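Indexing begins at 1, ligand by ligand and atom by atom, following the structure's order. What you see is a predicted model; the values in this text were computed from it and never measured.
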Amino acid sequence: MTDQRREDLLVTESLDAGYAGVPVLRGIDLSVPTGSLAVVLGANGAGKTTLLRSIMGLAERHGGTVRVAGEECGHDPVDMLARGVVMVPEGRRLFGDLTVDENLETGALVGVATARRSELRDMVFDLFPRVRERVDQRARTLSGGEQQMVAIGRALMSDPSTLLIDEASLGLAPVIVDDLFDMIADVNRAGITVVAVEQNLAVLDLASHGYLLEQGRMRAGGSMETHGAQIRALITEAYLGVDDTKEVGA
Ligand code: ATP
């Protein structure tokens, strides 16, 4: 491993993962620098959710390592939370009968001090003014976009350094997706490292780092600043099914 990779906030090396002994991911190398907004694109079934779940210790890890801030992590969701890594699951998974505020509060149950909770709540309201407006509304009565904002807000209430976001755009209208992606960029600008897995190519416009996952393998990846054109070309080709012979490394 290079010194640069060793210093990155979240690093997977040769990560193999799956379910019930059946492999889904093979040899995944992912390196997410502190403060970056990394995007992992891939088609249905490519293994995007499995990647986030295996980092979090929620899918089986068959081999390889996960490091946070240079330390190798066990396969334990509680340990990952303690290290400041939190996941926003696909499909939001809010408590529909609880209010927005009560849903946010569940995110702070991981032991965030009371004084810090009110600072975090203010941060969530600044990032998502719509959430503030709907604070007493039951979560099940929110629109899909609003529910996604609350799901991200709930994760922020645990005071994370790294947010893993699983397909925030799922089931949302394009205009809502654009707003939501802008908000994810705002979350990143607030100092939180983000790993967003997506099928929606528009997310690349926000990315500092882009990766392509295909059939459980990482095909391409790296800094958009230095390799953006190549990464975009490769991802577009993969999505359009044109040319699958090129590789990009960074
Ligand atoms: P999508 O965009 O459809 O959510 P994805 O890229 O997130 O897809 P995964 O959900 O990670 O892909 O699924 C990758 C593979 O793992 C698929 O073949 C899927 O059937 C399998 N898989 C996912 N979850 C499980 C599970 N709980 N048990 C067994 N196999 C699973």
Exercise. If you measure from CE on Met56 to CG on Asp76, what distance do you get to the nearest 0.5 Å?
Worked result: 9.5 Å
Seminar exercise, completed: of all protein heavy atoms, closest to atom 11 (O) of ligand 1 is Thr50 OG1, 2.5 Å
Problem set entry | Heavy atom of protein closer than 4.0 angstrom to atom 19 (C) of ligand 1 | no
Seminar exercise, completed: of all protein heavy atoms, closest to atom 23 (C) of ligand 1 is Tyr19 CE1, 3.4 Å
Problem set entry | Side chain, backbone, both or neither: Asn44 near ligand 1, heavy atoms under 4.0 Å | both
For this session: Test side-chain hydrogen bond (donor to acceptor under 3.5 Å, both in side chains) on Ser169 and Glu198 and set out the steps.
Result: CA-CA 7 Å; Ser169 68; Glu198 267 298 333; 2.7 Å; yes
Problem set entry | Close approach, Ala43 and ligand 1, non-hydrogen under 4.0 angstrom | yes
For this session: Name the closest protein heavy atom to atom 12 (O) of ligand 1, giving the residue it belongs to and the distance to 0.1 Å.
Result: Gly47 N, 3.2 Å
Exercise. Side chain, backbone, both or neither: which part of Arg53 has a heavy atom under 4.0 Å from ligand 1?
Worked result: neither
Problem set entry | Those residues that, when tested against Asp136, pass side chain to side chain donor-acceptor pair (under 3.5 Å) (two or more places apart) | none
Exercise. To the nearest 0.1 Å, how far is atom 5 (P) of ligand 1 from its closest protein heavy atom, and which atom is that?
Worked result: Lys48 N, 3.5 Å
Seminar exercise, completed: Per-atom filter on ligand 1: closer than 4.0 angstrom to a heavy atom of Glu167 are 1 (P), 2 (O), 4 (O)
Exercise. Considering only heavy atoms from C-beta outward, does the side chain of Glu90 approach that of Leu170 to under 4.5 Å?
Worked result: yes
Exercise. Which residue and non-hydrogen atom of the protein lie closest to atom 4 (O) of ligand 1, and at what distance in Å?
Worked result: Glu90 OE1, 3.2 Å
Exercise. Is any side-chain heavy atom of Val66 closer than 4.5 Å to a side-chain heavy atom of Val11?
Worked result: no
Exercise. Is the closest side-chain heavy-atom distance between Met183 and Leu127 below 4.5 Å?
Worked result: no
Exercise. Stepwise, does the side-chain hydrogen bond (donor to acceptor under 3.5 Å, both in side chains) test hold for Glu72 with Thr65?
Worked result: CA-CA 7 Å; Glu72 192 168 330; Thr65 54; 5.3 Å; no
For this session: Name the closest protein heavy atom to atom 10 (O) of ligand 1, giving the residue it belongs to and the distance to 0.1 Å.
Result: Thr49 CB, 3.6 Å
Problem set entry | Heavy atom of the protein closest to atom 16 (O) of ligand 1 (residue, atom name, distance) | Val24 CG2, 3.4 Å
Exercise. Atom 8 (O) of ligand 1: which protein heavy atom is closest, and how many Å away?
Worked result: Gly45 N, 2.8 Å
Seminar exercise, completed: Counting from 1 in the order shown, the ligand 1 atoms closer than 4.0 Å to a non-hydrogen atom of Gln199 are 2 (O)
For this session: Take Arg116 and Asp159 through the salt bridge (charged side-chain N to carboxylate O under 4.0 Å, His left out) test and state the conclusion after the steps.
Result: CA-CA 8 Å; Arg116 183 76 183 125; Asp159 207 4; 2.8 Å; yes
Exercise. Residues sharing Phe95's hydrophobic cluster, by side-chain heavy-atom contacts under 4.5 Å among ILVMFWY, directly or via others?
Worked result: Leu98
